[in-house]
Amino acid sequence: MYTGEERKKEEREHRLPPLPKAEIGKVVMRFAPNPNGPPTLGSARGIIINGEYCKEYKGKYILRFDDTDPKTKRPMPEAYGWYLEDFEWLGYKPDEVIYASKRIPLYYEYAKKLIELGGAYACFCKKEEFKKFRDSGTPCVHRNSSVEDNLEVWEKMLEGAYDEGEVVLRIKTDISHKDPAVRDWVAFRIIYTPHPLVGDAYCVYPMLDFESAIEDYLCKTTHILRGKDLRDSELRQRYIYDYFGWEYPVTIHWGRVNVLEFGKLSTSLIKREIEAGKYEGWDDPRLPTVRALRRRGITAEAIRRFYLALGLSESEVNVSMRSLYAENRKIIDPQANRYFFVADPVEIEIENLPEEREVLIPKNPNTGEKRVLLGEKVVYVSRDDFEKLNGDNVRLKDFCNVILGKRAKFVSYELLEAKKGRNIIHWLPKSFSKKCKVLGDRIWEGYAERGVEKEVGRVVQFERFGFCKIEKANDEIVAIYTHE
RNA sequence: GCUCCGGUGGUGUAGCCCGGUCAAACAUCCAGGCCUUUCGAGCCUGAGCCCCGGGUUCAAAUCCCGGCCGGAGCACCA
């Protein structure tokens, strides 16, 4: 139950600023990834921010695959499904899914119209050659070709009459525009590599800026929210909008996110490292992909709050995963059942233990549920604790006090004899511990408490160790380390 | 080099558009304490910030100019 105070706090913290020029029910937004790998924590920002606004304004949410580069950033066939999957897992449902690669003829139509309007021309300059023109702000000879000539070259491009790199279609902007990034940019280029979705149906592919400009117009996109890296796109695309007399959507750009723990991990870099065997796959728990986070037990809600808290700031931010973990902990801590996991176990025998006894331990402080553990002579404690507290009077949590050692001396059952806090450690009876392996930055081998095998698929708290998601429970329990 | 965007405690965010109520708020982190049979959770206290320099003004975190620092774009990538 929230108190009024708490609720207010919550709302203040997680509210997005109002969307400019937005009307309830009339907003159309899109999230447009290239499916050259699964969604990452970075992609999640786009999915979430756009998704939240769509929810708030009861708008239409489009998932658009910008998959028009079969060569350099080649789409992965599996990744389309991964996006659909993670999109919904994060809590959003696309009202429409668009595959740019399946709509290429549409782009051709607009390209032709643009040539007819004198807004585009075929350019035979080599890329390095054109760079000189761009840098100096001077036109190349092709810029003045007639509409008829351009049209003819364009048709021949489509027929496959040219080689890759021989000719491109450029948008005629302002060749001396003060920002070199917008000067006569490339709209279409020739690629003969077959596309994973449409094969060799086409050999002329649009560049992102062209495809995106046309799609946003066709879909009546009202608001574009994306990273700052695409800021210049607006400047470039506006030329197309101006030629056609269209109105450009409202744009908002957020700054780059640097996640401390991951550094600069691009999708293509991760791909290479997976191929090199450094990671098990795209859901390797060490990776910042959405599926890896899910596998680890990070909740969608935590990721959502994390990004809502970041907001729409244009400055680039350096954040730590610890912020995400803090959000996640707030969500899972009240639900997670408690168990003992003894990492790097040391076997100890309690001399002169008066009797074996079953002890009741809280399983879930929230529900008051308890679990039962057999307090017996031979128990495991973790190497860490053993080394730090050897010879000390320690409390085996909920069981008894002993002087810690390979051969430990029983002191008493009384809790009061233990100094509260510092020397209470967890333990496991030798007779029914299950082998358990925890996968994280490193691998911990040890024993887990009986009962954990019933928690497959759920996140539990291994007391004094951390939250873990139980993944498998066969001969051995396998858990993924979630966070502290 | 050219262009654009940013710079508020250690980190992140709010405030900036519409100057005063901001000697600056919230979260997290850190330090100490309380509570607790987890080193978890919760509670309390504390430390810590407007990049720099000019200008405008009775008054500047807020407006203007210059500098410095950071980032992004300048691809036949997205």
Side-chain angles (χ1 to χ4, degrees), chain A residues 9 12-15 17 32-36 65-69 71-75 100 123 125-128 130-131 134-137 164-170 177-183 185-191 204-205 207-209 211-212 226-236 253-258 260 266-268 305-306 308-320 322-323 325-327 329-330 333-334 336 338 340 359 361-362 365-366 384-385 395-399 401 415-416 418 420-426 461-467 484:
Chain A
K9 233 187 207 174
R12 199 182 328 135
E13 197 178 327
H14 298 306
R15 178 173 294 152
N34 174 16
N36 61 339
F65 290 110
D66 283 347
D67 57 347
T68 56
D69 174 18
K71 201 176 176 184
T72 317
K73 282 197 179 171
R74 176 161 243 271
C123 176
C125 293
K126 294 274 158 284
K127 126 170 115 168
E128 314 74 46
F130 189 82
K131 186 173 165 35
R134 181 177 47 232
D135 289 348
S136 60
E164 280 186 19
E166 197 178 343
V167 56
V168 296
L169 189 74
R170 286 188 188 281
H177 193 285
K178 61 178 182 169
D179 184 349
V182 325
R183 295 174 190 165
W185 49 277
V186 173
F188 286 87
R189 78 295 209 193
I190 295 167
I191 298 175
V204 176
Y205 287 88
M207 299 288 287
L208 169 79
D209 279 316
E211 175 266 325
S212 184
R226 44 135 85 134
K228 254 199 339 190
D229 50 324
L230 291 180
R231 203 156 206 308
D232 285 342
S233 276
E234 176 174 349
L235 250 30
R236 285 192 284 255
H253 296 95
W254 53 74
R256 208 175 76 148
V257 178
N258 261 319
L260 231 71
S266 67
T267 301
S268 28
R305 288 187 198 172
F306 172 78
L308 255 30
L310 276 197
L312 265 31
S313 157
E314 276 197 62
S315 41
E316 53 282 347
V317 295
N318 297 296
V319 290
S320 161
R322 295 172 76 166
S323 314
Y325 297 158
E327 295 291 358
R329 186 155 40 233
K330 284 180 203 154
D333 182 66
R338 269 61 172 169
F340 286 161
V359 295
I361 314 185
N366 226 39
D384 256 14
D385 288 332
R395 172 80 177 166
L396 300 179
K397 189 171 183 276
D398 293 292
F399 176 26
N401 309 316
L415 167 65
L416 292 177
K420 277 188 291 182
R422 295 290 171 264
N423 61 346
I424 296 173
I425 66 171
H426 60 288
Q461 189 196 97
F462 282 147
E463 293 193 51
R464 304 208 313 134
F465 182 79
F467 292 94
E484 292 189 328

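Each chain gets a letter, A, B and so on, in the order its sequence line appears, and its residues count up from 1. Note: hydrogens, waters and symmetry copies are ignored here, and every other heavy atom, side chains too, is used.
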[atom1]-[atom2] distance between [X] and [Y], expressed to the nearest 0.5 angstrom:
{"X": "A:K71", "Y": "A:E164", "atom1": "NZ", "atom2": "CD", "value": "3.5 Å"}
{"X": "A:E327", "Y": "A:L308", "atom1": "CD", "atom2": "CG", "value": "9.5 Å"}
{"X": "A:N318", "Y": "A:R256", "atom1": "CG", "atom2": "CZ", "value": "8.0 Å"}
{"X": "A:T68", "Y": "A:I191", "atom1": "OG1", "atom2": "CD1", "value": "8.0 Å"}

Watson-Crick or G-U wobble mate for [N], both contacts under 3.5 Å:
{"N": "B:G66", "answer": "B:C52"}
{"N": "B:A31", "answer": "B:U45"}
{"N": "B:U38", "answer": "none"}
{"N": "B:A61", "answer": "none"}
{"N": "B:C2", "answer": "B:G73"}
{"N": "B:G12", "answer": "B:C26"}

Just to confirm, is there a sub-4.0 Å distance from OP1 or OP2 of [N] to any side-chain nitrogen or oxygen of [X]?
{"X": "A:R395", "N": "B:U37", "answer": "no"}
{"X": "A:R338", "N": "B:U36", "answer": "no"}
{"X": "A:S315", "N": "B:G7", "answer": "no"}
{"X": "A:K178", "N": "B:C4", "answer": "yes"}

Nearest-Å distance once atom [atom1] is located in both [N] and [M]:
{"N": "B:G71", "M": "B:U8", "atom1": "P", "value": "14 Å"}
{"N": "B:A27", "M": "B:C74", "atom1": "P", "value": "41 Å"}
{"N": "B:C29", "M": "B:G73", "atom1": "P", "value": "33 Å"}
{"N": "B:A24", "M": "B:U13", "atom1": "C1'", "value": "14 Å"}
{"N": "B:U3", "M": "B:A25", "atom1": "C1'", "value": "36 Å"}
{"N": "B:C26", "M": "B:C43", "atom1": "P", "value": "14 Å"}
{"N": "B:G66", "M": "B:C22", "atom1": "P", "value": "32 Å"}
{"N": "B:C5", "M": "B:C16", "atom1": "C1'", "value": "16 Å"}

Residues in side-chain hydrogen bond (donor to acceptor under 3.5 Å, both in side chains) contact with A:D384, at least two apart in sequence or another chain: none
Results of side-chain hydrogen bond (donor to acceptor under 3.5 Å, both in side chains) for A:S323 - residues two or more places apart only: none
Using a 4.0 Å heavy-atom cut-off across all strands, classify [X] as base, sugar-phosphate, or nothing.
{"X": "A:D398", "answer": "base"}
{"X": "A:K397", "answer": "base"}
{"X": "A:R183", "answer": "nothing"}
{"X": "A:D385", "answer": "base"}
{"X": "A:E314", "answer": "sugar-phosphate"}

Nucleotide of B:U37, B:A72, B:C30 approaching A:I424 most closely (side-chain heavy atoms): B:U37
Nearest to side-chain heavy atoms of A:P180, which nucleotide of B:C5, B:C74, B:G40: B:C74
I need the [atom1]-[atom2] distance between [X] and [N], as an integer number of Å.
{"X": "A:H426", "N": "B:G40", "atom1": "NE2", "atom2": "P", "answer": "14 Å"}
{"X": "A:L235", "N": "B:C2", "atom1": "CG", "atom2": "P", "answer": "18 Å"}
{"X": "A:I425", "N": "B:G40", "atom1": "CD1", "atom2": "P", "answer": "17 Å"}
{"X": "A:W185", "N": "B:C4", "atom1": "CH2", "atom2": "C1'", "answer": "18 Å"}
{"X": "A:I361", "N": "B:G40", "atom1": "CD1", "atom2": "P", "answer": "18 Å"}
{"X": "A:R305", "N": "B:A27", "atom1": "CZ", "atom2": "C1'", "answer": "13 Å"}
{"X": "A:L308", "N": "B:A27", "atom1": "CG", "atom2": "C1'", "answer": "14 Å"}
{"X": "A:R256", "N": "B:G73", "atom1": "CZ", "atom2": "P", "answer": "9 Å"}

Test log, rule side chain to side chain contact (heavy atoms under 4.5 Å, CB included), inputs A:N258 and A:V319: CA-CA 6 Å; A:N258 261 319; A:V319 290; over 6 Å; no
Sub-4.5 Å side-chain heavy-atom contact between A:D69 and A:N34: no
Please produce a list of atom pairs where a protein N or O lies less than 3.5 Å from an N or O of nucleotides 76-78 of chain B.
| from | atom 1 | to | atom 2 | distance (Å) |
| --- | --- | --- | --- | --- |
| B:C76 | N3 | A:G165 | O | 3.2 |
| B:C76 | N4 | A:C125 | O | 3.3 |
| B:C76 | N4 | A:G165 | O | 2.6 |
| B:C77 | OP2 | A:R189 | NE | 2.3 |
| B:C77 | OP2 | A:R189 | NH2 | 2.7 |
| B:C77 | O3' | A:R189 | NH2 | 3.2 |
| B:C77 | O2' | A:D69 | OD2 | 3.0 |
| B:C77 | O2 | A:K73 | NZ | 2.3 |
| B:A78 | OP1 | A:T68 | OG1 | 3.3 |
| B:A78 | OP1 | A:R189 | NH2 | 2.9 |
| B:A78 | OP2 | A:L208 | N | 3.1 |
| B:A78 | O3' | A:D66 | O | 2.7 |

Position toward the 5' end of RNA chain B (nearest nucleotide), A:P17 or A:D333: A:P17
Passing candidate, salt bridge (Lys or Arg N to Asp or Glu O under 4.0 Å) with A:K228, options A:E234, A:E316, A:E314: A:E316
Considering all heavy atoms, the nearest A:G165-A:K126 contact: O-NZ, 3.8 Å
